[in-house]
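Written below as structure tokens is the structure these notes are about.
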Amino acid sequence: MRQWLESLRIPKKLWLFHLVTALTSGLVAAGIMLLTVWHIARGNAEADAGVKAAIIADNILPSLQFRDPEVAAEILKGLSRDKNVLDARVIEADGQVFAEFVPNNAGSRLRQSGSNVIRTSIPLLDERINVGRVELVTSLDNVYRETGFYTLAIAVAMLVSLLVGSGLMMLLQRSITVPLTRLTQLMKRVSERNDYTQRTEVSTSDELGELGLSFNHMLEQIQERDTALGHELNERLRAEEQLAHLAHHDPVTGLPNRHYFRKCTQELERVQGASGNPPALLFIDLDNFKFVNDSFGHDCGDQLLTIVADRLLSAVRSNDEVVRFGGDEFVVLLLNIRETAIALQLAEKIRLVLTQPLMLNSKEFVVTCSIGVAVAPMHGRTADELLQNADAAMYHAKSGGKNGVKLWENAMTGQSTLRFSMESDLRHAIERNELEIHYQPIVELSNRRMVGMEALLRWKHPELGFISPVEFIPVAEDSGLILGIGEWVMQMAFHQVAEWSREYGPLFIAVNVSARQFRSADFVTRTRELAVISGLAPDQIELELTESMVMGHTGEAVRIMQELVDSGFGLSLDDFGTGYSSLSYLKRFPLDKLKIDRSFVSDLPDDPESVAIAKAIVGLAATLGMRVVAEGIETPEQADLLLGQECRYGQGYFFSRPLPADRLPAFILSNRAA
Ligand code: C2E
Ligand code: MG
Ligand code: MG
């Protein structure tokens with residue numbers, strides 16, 4: 001019942017409440033009215049019966065006094081016109097019935113009525129003496145009829161008022177149900193369409209009006225929050241996009257970066273696209289970027305990278321990908337390459353475009369690059385394979401003299417993987433004590449007396465055994481590990497030679513300096529510090545530089561060299577003759593020594609050309625006020641010839657191989673003794 005009631009719609013419920021309350025109050029009112037009517041009618045009937053009995057008593061007393069029952073009966077018979085009279089009798093004082101009137105069928109009516117009749121008894125007094133009484137029995141039919149009539153009237157009145165009330169109710173309830181219906185419909189619409197711009201109409205100031213206002217207010221707040229949320233969401237989406245862009249693009253050149261490349265080339269098939277022709281991958285490494293960056297600052301380096309990126313983009317087709325892969329490494333993914341020759345042509349075109357002179361800080365530069373090429377599917381089926389092989393080819397181009405294009409060949413794989421593992425092994429070489437310094441004596445050729453030595457780095461790899469510095473120094477250089485390693489060499493060698501100098505008299509130490517080390521910002525300061533710590537005098541320290549380190553960027557190199565010279569260090573030019581060997585630059589550098597490269601010494605004394613070169617170098621050095629050291633002297637003939645050419649110092653297996661520190665004192669002693 002309760003559930004049924006709760007399931008009813010509000011208009012029905014209101015109508016039901018109205019019906020129940022109206023009926024209940026109507027029935028109660030009708031009951032009270034009917035009872036009242038009943039009482040009044042019954043009272044009236046009783047009074048009426050009393051009056052009748054009194055009249056009969058007055059009239060009948062003489063007949064009792066004269067004991068004439070017939071007269072009495074005649075009087076009683078007069079009651080026959082009153083349909084309500086059921087029985088009328090005169091009873092004497094002793095209880096004897098003196099006269100009686102019973103109308104036709106009165107007996108059955110009496111029985112029907114039972115006790116539901118009015119019994120009236122009036123005493124008959126003769127001179128105040130009770131001589132008998134008149135008893136009248138009247139039916140209540142009239143009372144019932146009257147009450148029945150009223151009941152009918154009340155029922156009709158109730159029905160009419162109920163109908164009118166219901167009609168009114170219907171009209172009045174609308175003021176409640178209409179706003180409620182509006183509100184529920186609005187709620188439905190809002191929740192279905194998530195449209196918080198809608199509002200309900202508020203026409204009253206009652207609770208429903210308040211409800212409508214509150215609801216509208218709530219919608220307003222939700223709408224505000226919704227727009228704010230939308231705003232926030234948009235902001236977040238924008239931030240996410242920005243982040244994704246940053247994560248996948250290089251901020252300097254705006255080119256996609258290696259993460260982007262990895263992401264979009266995970267499946268080479270996807271890269272291949274609809275054309276069906278395989279892609280080719282070019283791995284481009286700038287040859288002299290580190291120099292620009294280190295000596296002219298990062299701004300200049302960035303400028304250079306941007307120019308390179310622009311040139312690369314202008315050299316490829318719009319659907320090819322240009323990626324900045326790392327510091328000065330770029331990757332170009334050429335799509336739809338029909339044959340290897342085309343990839344090589346494009347690589348060559350790129351190389352030429354990049355090597356066009358460019359202006360940085362109003363100075364003209366030429367940037368060269370080494371390019372490795374790998375073409376799918378011959379040189380790799382996945383982007384990773386192509387990348388690895390193009391990288392290996394690039395290293396080949398680099399070691400083959402830079403500024404060139406190389407196509408990948410099978411034989412290159414071993415080298416590139418070796419390079420990668422070497423780099424990571426080298427990282428731990430110092431801490432694992434795998435690096436060692438050997439010392440090769442340098443002698444005065446005239447008396448073969450040892451005057452100093454060159455520190456030569458050795459790496460004893462736990463698995464591969466001794467690795468030549470020729471192999472690992474370039475790796476250390478490329479990875480930047482050379483900075484730490486170079487400093488370690490200076491520290492150890494200075495310390496060691498200071499000790500020997502104290503013991504055996506002054507000796508100088510020559511250390512090889514790498515290009516990267518030379519251009520690092522604190523090189524001069526660090527060298528000075530290390531010298532001071534070791535206790536070695538600066539003039540006992542000689543720094544070996546190479547031509548390629550100082551060529552092309554003379555101004556900066558001269559500045560650094562001058563600072564070193566001002567600090568008292570000696571400078572020598574290593575491997576002289578293999579590079580540019582130009583007089584004009586030699587003049588500008590504050591060098592003490594030239595070291596003739598081993599390659600010129602090894603053909604002495606039989607090759608006349610080598611003899612001429614050696615002679616020329618020594619002569620050149622003399623005019624510039626530099627001393628000369630000949631490297632790689634292996635025979636006494638070589639030593640003699642060089643001495644004859646006025647070459648002052650010599651170094652080579654003929655005098656001694658590079659020796660581990662523990663074997664050098666013995667050499668010094670025997671050299672002194674000799
Ligand atoms: P370099 O500075 O020209 O060193 C001379 C090289 O010639 C050394 O090779 C030495 O062992 C070798 N050598 C000396 N005398 C003879 C000889 O009579 N015959 C032959 N065949 N070879 C001789 P090594 O030790 O293999 O070093 C190679 C290069 O590695 C060095 O050339 C130098 O450029 C570089 N290097 C060595 N140690 C260091 C270092 O501590 N730092 C840097 N940056 N480079 C280093
Ligand atoms: Mg050297
Ligand atoms: Mg050398």
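Atoms within a ligand are numbered from 1 in the order they appear, just like the ligands themselves.
A salt bridge links R526 to E529: one of the charged nitrogens lies within less than 4.0 Å of a carboxylate oxygen.
Nearest residue to atom 4 (O) of ligand 1 from N512, T546, L456 is L456 (criterion: closest heavy atom). For atom 6 (C) of ligand 1, the nearest non-hydrogen atom from the set R598, E631, E454 belongs to R598. Between L545, D575, V470, it is V470 that holds the heavy atom closest to atom 29 (C) of ligand 1. The residue among E477, R657, E634 with a heavy atom at the shortest distance from atom 19 (N) of ligand 1 is E634.
Of all atoms in ligand 1, numbered sequentially from 1 with element shown, those under 4.0 Å from a heavy atom of G652 are 15 (N), 18 (O). Every atom of ligand 1 is numbered from 1 in the order shown, and the set under 4.0 Å from a heavy atom of P658 is 11 (O). Residue contact check: I633 has heavy atoms under 4.0 Å from atoms 18 (O) of ligand 1. Numbered from 1 in the order shown, with element, the atoms of ligand 1 that lie under 4.0 Å from a heavy atom of D574 read 1 (P), 2 (O), 3 (O). Atoms of ligand 1 lying under 4.0 Å from any heavy atom of E544, numbered from 1 in the order shown and given with element: 2 (O). Below 4.0 Å from some heavy atom of V489 lie the following atoms of ligand 1, by number and element: 41 (O).
Residue side and main chain included, E631 places no N/O/S atom under 2.8 Å of the Mg ion (ligand 2). Look at E544 and the Mg ion (ligand 2): an N/O/S atom of the residue is under 2.8 Å from the metal.
Under the 3.5 Å distance criterion, with hydrogens and angles disregarded, no donor-acceptor pair is assigned to the side chains of E423 and S479. No donor-acceptor contact under 3.5 angstrom links the side chains of T253 and R324, judged on distance only. Side-chain contact, D384 with Q388: no donor N or O sits under 3.5 Å from an acceptor N or O. No side-chain donor from either of Y439 and Q496 sits under 3.5 Å from a side-chain acceptor of the other.
At least one heavy atom of R458 sits under 4.0 Å from some atom of ligand 1. In this structure, G486 does not count as a contact residue of ligand 1, since none of its heavy atoms falls inside 4.0 Å of the ligand.
D574 contributes OD2 as its N, O or S atom closest to the Mg ion (ligand 2). The atom of E454 that is an N, O or S and sits closest to the Mg ion (ligand 2) is OE2.
The side-chain tip of R258 does not point at the ring of F261 from less than 6.0 angstrom away and within 45° of straight on.
Evaluated for a side-chain hydrogen bond (donor to acceptor under 3.5 Å, both in side chains) with E454, the options Q651, Q440, H438 yield exactly one hit, Q651.
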(request) Under the side chain to side chain contact (heavy atoms under 4.5 Å, CB included) rule, what do E503 and I668 come out as? Steps first, then yes or no, please. (result) CA-CA 10 Å; E503 207 152 318; I668 299 174; over 6 Å; no

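No donor-acceptor pair closer than 3.5 Å links the side chain of R448 to the backbone N or O of A674. R598 places no side-chain N or O within 3.5 Å of a backbone atom of E631 that could act as its donor or acceptor partner.
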